[in-house]
Amino acid sequence: MFKNTRSVVALLLFFAGMLNYLDRAALSVMAPLVKKDLNIDDAQMGILFSCFFIGYCLFCFLGGWGADRFGPRKVFGWAAAIWSLFCGATALAGNFTHLLIVRVLFGIGEGPMGTTTNKSISNWFPRKEVGRAVGFTNAGQPLGAAVAAPVVGLVGLNFGWRVSFIVIAVLGFVWLGFWLWLFRDKPEQHPRVSESECQMIKAQRPATRAPGATAAQPTKLWSYVFSLPVLGVAAAFFCFNYIQYFFLSWLPSYLTDFQHLDIKSMSLIGILPWLGATIGFIGGGLVSDALFRRTGNFLQSRKLVIFSGLAVAAVCVMLTAWASSVTAAVSLITLASVFAYMTPQACWSLLQDIVPAERIGTAGGFVHLLANLAGILSPGITGFLIQYGGGYSSAFLLASVLALVGMAMLALFVRERSVRALRTLA
């Protein structure tokens, strides 16, 4: 898919995303065992899923700012060390309160991942490859969730749920060693990058600035962050994330509690939606790049992918509310995942076309912060709906409605005129 040294960067970011989602999906896969061992009910489990995002959201923004200020190599290095440490510390939790604290600290470590990945792609990939780069590197995320179901599930059944978190923590530290060895902030700093590759990347980076405009000044930062196009991307991303974190947190419990699968069967069947999500990530990137080549319009090619993805996902999630069999439910959720996961990489690459390269870390961090407020709301709201509201059906309906809201916000806020105005900022 990519040539030369930037293919190594893509693989490192792919495995980072895979580990991130393997980490955070582990608790949802082990939820039946954890609830029984620590005496936790569904509402408390929803709080545990949500509290992860308290630290996560804050460090989405701080991580993006840090990537602009200190470079993605250092920020990702510290983040990987922290998330691996506290993933392993999950094994030491003895009650609900202990687990709550560990999850918040674990979220702090994972917070910089998305924005630092986007900053790395902005530094390392030419504009024509941005869609594929974002799609490929982020495809590791649902693949990590897919691997979590059988690996974490089977390790937990055979050795106990605590051992599974220790194993994942070790994998995180292994990745950290490769990252520090093989990655540099920019291709011009990397000793293995050829002169031709370096010049090609530098000439075609997705930095966006009107002809003749000078570099963005510090006082102009909030002009980007609070602009309508950036807020529109954040709104669409938020609505996608609500669906994502609903599935990531509650899909294993839905399959065991509502569809009455045992943990072994759930661990195998639960792979399917995440394989679909992986296809969506990669396919969405390829489709958006193909549309850009055909139309020459970067903005519209990305918006079309987001609209299509959210629309199909909304219909499938809504139908799942009335699915009576495991086959129908898993088929609909898998199809929803394929299309829903076409949207995030389009959001990331769209943001790269809106915001200059020197601001992409901070602006991306702000977008990621707003989008991941869904991580605080989605698991907690779902837990209370399951226990006190209309059950899983009402949770599916709410997620479907929010996908439609994301489409509307993108249409209203991200327009050619407003984007052109933003590009003229000095």
Side-chain angles (χ1 to χ4, degrees), residues 135 138-139 141-142 145-146 232-255 258-259 269-288 290-291 300-347 350 371 374-375 377-379 381-382 385-386 389-414:
N138 284 280
Q141 298 171 15
V233 173
F237 211 150
F238 173 93
C239 295
F240 158 75
N241 269 349
Y242 191 94
I243 297 174
Q244 174 182 223
Y245 295 132
F246 171 36
F247 288 169
L248 193 66
S249 300
W250 285 103
L251 181 58
S253 295
Y254 168 74
L255 293 175
F258 189 83
Q259 295 293 349
I269 293 175
I271 297 174
L272 297 176
W274 302 114
L275 292 179
T278 304
I279 293 170
F281 255 134
I282 297 174
L286 293 173
V287 169
S288 61
L291 287 172
Q300 294 303 324
S301 64
R302 267 55 183 176
K303 285 179 65 176
L304 183 59
V305 170
I306 296 170
F307 277 126
S308 302
L310 289 177
V312 176
V315 173
C316 292
V317 171
M318 183 178 294
L319 292 175
T320 307
W322 292 286
S324 57
S325 68
V326 176
T327 301
V330 173
S331 297
L332 286 167
I333 292 171
T334 300
L335 187 59
S337 297
V338 171
F339 282 89
Y341 276 80
M342 292 173 68
T343 65
Q345 84 277 12
C347 288
L350 184 59
L377 297 173
S378 180
I381 290 172
T382 302
L385 285 174
I386 293 168
Y392 281 101
S393 295
S394 61
F396 279 110
L397 290 174
L398 177 58
S400 175
V401 169
L402 283 173
L404 299 176
V405 170
M407 296 169 61
M409 297 294 281
L410 189 74
L412 286 172
F413 290 169
V414 186

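Once rounded to the nearest 0.5 Å, the distance linking CD of Gln259 with OG1 of Thr327 reads 9.0 Å. Between Ile243 atom CD1 and Ser400 atom OG the span is 7.0 Å, to the nearest 0.5 Å. Here the straight-line distance linking atom CD1 of Ile333 with atom CG of Leu319 works out to 11.5 Å at 0.5 Å rounding. Summarising the geometry, atom CD1 belonging to Ile279 is positioned 10.5 Å from atom CG belonging to Leu335; distances are rounded to the nearest 0.5 Å. Between Leu275 atom CG and Thr334 atom OG1 the span is 8.5 Å, to the nearest 0.5 Å. Atoms SG and CG, on Cys347 and Leu410 in that order, are 7.0 Å from each other to the nearest 0.5 Å.
Judged by distance alone, with hydrogens and angles left aside, the side-chain atoms of Ser393 form a donor-acceptor pair with the main-chain N or O of Ala321 at under 3.5 Å. Side-chain atoms of Thr343 come within 3.5 Å of backbone N or O of Ala340 as a donor-acceptor pair. In this structure a side-chain-to-backbone donor-acceptor pair under 3.5 Å is missing from Ser337 to Ala277.
Leu251 places a side-chain heavy atom less than 4.5 Å from the side chain of Pro273. Within the 4.5 Å cutoff, no side-chain heavy atoms of Val312 are placed close to those of Val338. Within the 4.5 Å cutoff, no side-chain heavy atoms of Val414 are placed close to those of Ile306.
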task = Please report the C-alpha distance between Phe247 and Tyr254 in whole Å, then the side-chain angles of each, then the deciding distance to 0.1 Å, and finally whether the ring pair (Phe, Tyr, Trp, His ring centres under 6.0 Å) criterion is met.
result = CA-CA 9 Å; Phe247 288 169; Tyr254 168 74; 9.0 Å; no
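For the side chain to side chain contact (heavy atoms under 4.5 Å, CB included) test, residues two or more places apart in sequence or in another chain that qualify with Leu412 are Arg415. With sequence neighbours excluded, the residues forming a side chain to side chain contact (heavy atoms under 4.5 Å, CB included) with Leu377 are Phe238, Ile381, listed by chain and number. Contacts of Phe307 classified as ring-ring contact (aromatic ring centres under 6.0 Å, His included), with partners at least two apart in sequence or in another chain: none.
Residues in residues 302-322 take part in these salt bridge (Lys or Arg N to Asp or Glu O under 4.0 Å) pairs, two or more places apart or across chains: Asp289-Arg302. Annotation: salt bridge (Lys or Arg N to Asp or Glu O under 4.0 Å) contacts involving residues 323-332, sequence neighbours excluded, are absent. For residues 314-345, the ring pair (Phe, Tyr, Trp, His ring centres under 6.0 Å) pairs, not counting sequence neighbours, are Phe240-Tyr341, Phe281-Tyr341.
The shortest heavy-atom contact between Ser301 and Leu291 is CB-CB, 3.5 Å. Counting all heavy atoms, side chain and backbone alike, Tyr245 lies closest to Ala374 at CD1-C, 4.1 Å. Of all non-hydrogen atoms in Val317 and Ala336, the two that sit nearest each other are CG2-CB, 3.9 Å. Smallest separation of non-hydrogen atoms from Met318 and Leu397: CG-CD2, 3.9 Å.
For the ring pair (Phe, Tyr, Trp, His ring centres under 6.0 Å) with Phe396, the lone residue among Phe246, Trp250, Phe258 that qualifies is Phe246.
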